[in-house]
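This report refers to the structure that appears directly beneath it.
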Amino acid sequence: MLDLTYETPKPKVIAGATGDWELVIGLEVHAQVASNAKLFSGASTEFGAEPNSNVAFVDAAMPGMLPVINEGCVALAVKTGLGLKAEINLKSAFDRKNYFYPDLPQGYQISQLYHPIVGEGEVLVDMGPGVARKVRIERIHLEQDAGKSIHDMDPHMSFVDLNRTGVALMEIVSRPDIRGPEEAAAYVGKLRQILRYLGTCDGNMQNGNLRADVNVSVCRPGDYEKYQETQDFSHLGTRCEIKNMNSMRFIQQAIEYEARRQIAILEDGGSVDQETRLYDPDKGETRSMRSKEEAHDYRYFPCPDLLPLEIEQGWVDDIAASLPELPDAKKARFVSDYGMTEYDAGVLTADVENATFFEAVAEGRDGKLAANWVINELFGRLKKADLDIEDSPVTASQLGGIIELIGKGDISGKIAKDLFEIVWTEGGDPAEIVEARGMKQVTDTGAIEAAVDQVIADNPEQVEKAKANPKLAGWFVGQVMKATGGKANPKAVNELVSAKLGL
Ligand code: ADP
Ligand code: MG
């Protein structure tokens, strides 16, 4: 496999009155495990169901109910860890995180504080061709989601929907290695892409299946390098955590605002309070939710209802053997196998569905041409029609057929576009359509020659001009193409025009 080498991007710098500031960001991403059943019950995880219809007795914390671990969720967490090149802990354990909230019937959340199932890993965040930052993953733990309080249905009452209660989440905690708002969004994007490739989380941010707590601090140039060297957090500034962000755009806006807020405080001689904040997209600002002083005392302790989770290396190895090819590997392979640019490979591998479609088109054909057609024609047309690749009216085999006809010289690129449009609207086999409608390119030099002679005979003035300025030969090529209904082989036309004009 080709190893794409990369440069590390520069951190975002904000100039202040007292000098430059740099941003330091660490993310805690909550990713819903792609499981049909909850982490400790058999209740469904279906989105959008009737409120309180997906609730087992244990989810509602009925007396005497006991949690039973869902092996499928554990397997998906392990798979996620392997996909992030992380350490898998064969022994992990569940803890109770105690707090009171109406949407948490148990009065505690079962989580993994002390012994998470996944340890250190990494994510390579792409910041443009040849530029990437390695963001370290500190840990991934499994935990239950809480329910939902609904405050806007009645002026006097709040309602609670327990459908989400107990749904399995993976909390993916990064080190504070992210250095700017765009990088934070790119990190979430890359993580989402990997999870979707792995099939361990559907990454639907609108439905809240992927959401992030964003930790932001600012420091002076050079401080982050000292932290990197020593892993001593005292070189970094005090952080604030912005809770529950589920939009890439808002993540960036919130970081930008929060960094500037902290800089203003520091430049004013004040100090940043470590606190939890919320982003208000309407006002474009973050505001305090709770300070460190009023922070919860979670009184964590090992969950007495669940034995420590012990898994076997052989089971982990089986999961490792089932891992699909991941985005970075696929991208590198596309560059080396098909000779395409890293940029194009990035576009084609953004979604695994796109990549699979492309490979079906390119198989046994001209890969570069196939990449061009998939990216420029097909994606462009799909976007215009607001369709996903799964719903493309032109199948991979049909597009492959069109590319074969171009490759063989049967049709020109221009005719191919017409053919694509026909296949898009009417369907059918490209080769048969070309045959039936007489769209084949004229490669017969006799016929082309006749057309060239005609154009030259009809335009003596242009001939004189072209002889003085060979660049004008293109005009003759255009005229011949027009005269042959776009079916003349452009290469043959070019050669004949040059020869006949004596250029
Ligand atoms: P807690 O559990 O209290 O939130 P953690 O140590 O788990 O604390 O850190 C949470 C997140 O905060 C991690 O993603 C970490 O990388 C990030 N973080 C820690 N220190 C800083 C800092 N100074 N600036 C920005 N992010 C930070
Ligand atoms: Mg935290």
Side-chain angles (χ1 to χ4, degrees), residues 11-12 14 21-31 84 86 95-99 109 111-123 125 133-143 169-181 183-185 187-188 190-191 210-245 251-252 254-263 265-266 271-279 286 288-300:
K12 162 130 187 164
I14 296 179
W21 296 92
E22 286 183 6
L23 274 61
V24 174
I25 300 153
L27 259 60
E28 299 160 89
V29 170
H30 297 266
L84 300 179
D95 306 296
R96 284 186 182 179
K97 177 179 181 179
N98 298 279
Y99 65 93
Q109 177 192 28
S111 182
Q112 295 189 308
L113 177 68
Y114 303 108
H115 304 286
I117 183 151
V118 178
E120 301 203 344
E122 66 182 46
V123 174
V125 182
R133 185 183 305 277
K134 191 177 278 185
V135 172
R136 295 167 300 160
I137 298 294
E138 184 184 317
R139 57 191 272 149
I140 303 175
H141 59 257
L142 273 168
E143 63 182 27
L169 301 179
M170 298 179 276
E171 180 168 334
I172 305 168
V173 184
S174 87
R175 297 269 183 205
D177 289 351
I178 300 161
R179 307 303 314 279
E183 258 180 48
Y187 167 79
V188 174
K190 185 64 179 283
L191 197 56
L210 194 80
R211 43 195 207 264
D213 297 343
V214 182
N215 297 270
V216 182
S217 68
V218 296
C219 65
R220 292 295 192 180
D223 288 346
Y224 182 79
E225 287 69 24
K226 285 184 207 148
Y227 155 72
Q228 277 284 27
E229 243 164 65
T230 57
Q231 293 303 304
D232 177 352
F233 282 89
S234 68
H235 293 295
L236 301 180
T238 303
R239 73 177 198 267
C240 285
E241 180 182 26
I242 311 160
K243 276 275 179 211
N244 243 336
M245 309 283 303
I251 287 176
Q252 296 186 54
I255 291 172
E256 184 84 31
Y257 174 88
E258 179 58 21
R260 290 181 188 278
R261 185 189 73 85
Q262 292 179 13
I263 291 169
I265 293 173
L266 294 169
S271 59
V272 174
D273 289 331
Q274 186 176 335
E275 60 183 1
T276 303
R277 301 178 69 85
L278 279 181
Y279 180 65
T286 62
S288 184
M289 187 176 151
R290 56 175 182 257
S291 66
K292 203 179 171 190
E293 290 74 50
E294 42 186 312
H296 290 297
D297 172 8
Y298 291 125
R299 292 167 292 120
Y300 274 100

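Note that ligands are numbered from 1 as they come in the structure, with each ligand's atoms numbered from 1 the same way.
- Aromatic ring orientation, Tyr300 versus Tyr114: perpendicular (interplanar angle above 60°, classes split at 30° and 60°).
- Side chains of Gln112 and Ile117 form a contact here, defined as non-hydrogen atoms less than 4.5 Å apart.
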- Task: Applying side chain to side chain contact (heavy atoms under 4.5 Å, CB included), run through Met289 and Glu241 and close with a yes or a no.
- Result: CA-CA 10 Å; Met289 187 176 151; Glu241 180 182 26; over 6 Å; no
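- In terms of polar-atom proximity, defined here as any N/O pair under 3.5 Å, Asn215 does make such a contact with ligand 1.
- The proximity of Arg239 to ligand 1, defined as any non-hydrogen pair under 4.0 Å, is limited to the side chain.
- Which parts of ligand 1 touch Val24 is read off a 4.0 Å heavy-atom cut-off, strictly below it: atoms 24 (N), 25 (C).
- Short contacts between ligand 1 and Phe233, defined as distances under 4.0 Å to a heavy atom of the residue, involve ligand atoms 19 (C), 20 (N).
- Applying the side chain to side chain donor-acceptor pair (under 3.5 Å) rule to Arg261 yields the partners Glu258; only residues at least two apart in sequence or on another chain are considered.
- Close N/O approach between Leu236 and ligand 1 is not found [any backbone or side-chain N/O within under 3.5 Å].
- Checked against a 3.5 angstrom limit, the closest N/O atoms of Pro176 and ligand 1 fall inside it.
- Under a 4.0 Å criterion applied to the non-hydrogen atoms of Gly237, ligand 1 contributes the atoms 23 (N).
- For atom 7 (O) of ligand 1, the candidate residues are Val173, Val135, Val214; the nearest heavy-atom contact is made by Val173.
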- Task: Given side chain to side chain contact (heavy atoms under 4.5 Å, CB included), test Leu84 with Ile172 step by step and report yes or no.
- Result: CA-CA 10 Å; Leu84 300 179; Ile172 305 168; 4.3 Å; yes
- Query: Checking side chain to side chain contact (heavy atoms under 4.5 Å, CB included) for the pair Asn215/Glu28: CA distance, chi angles, key distance, verdict?
  - Reply: CA-CA 8 Å; Asn215 297 270; Glu28 299 160 89; 3.0 Å; yes
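- In Leu27, the part holding a heavy atom less than 4.0 Å from any atom of ligand 1 is the backbone.
- Against a heavy-atom cut-off of under 4.0 Å, Arg175 is close to the following atoms of ligand 1: 16 (O).
- Residue Ser217 places at least one N or O, backbone or side chain, under 3.5 Å from an N or O of ligand 1.
- Contacts of Gln252 classified as side chain to side chain donor-acceptor pair (under 3.5 Å), with partners at least two apart in sequence or in another chain: none.
- By the 4.5 Å heavy-atom criterion applied to side chains, Arg179 and Val24 are counted as neighbours.
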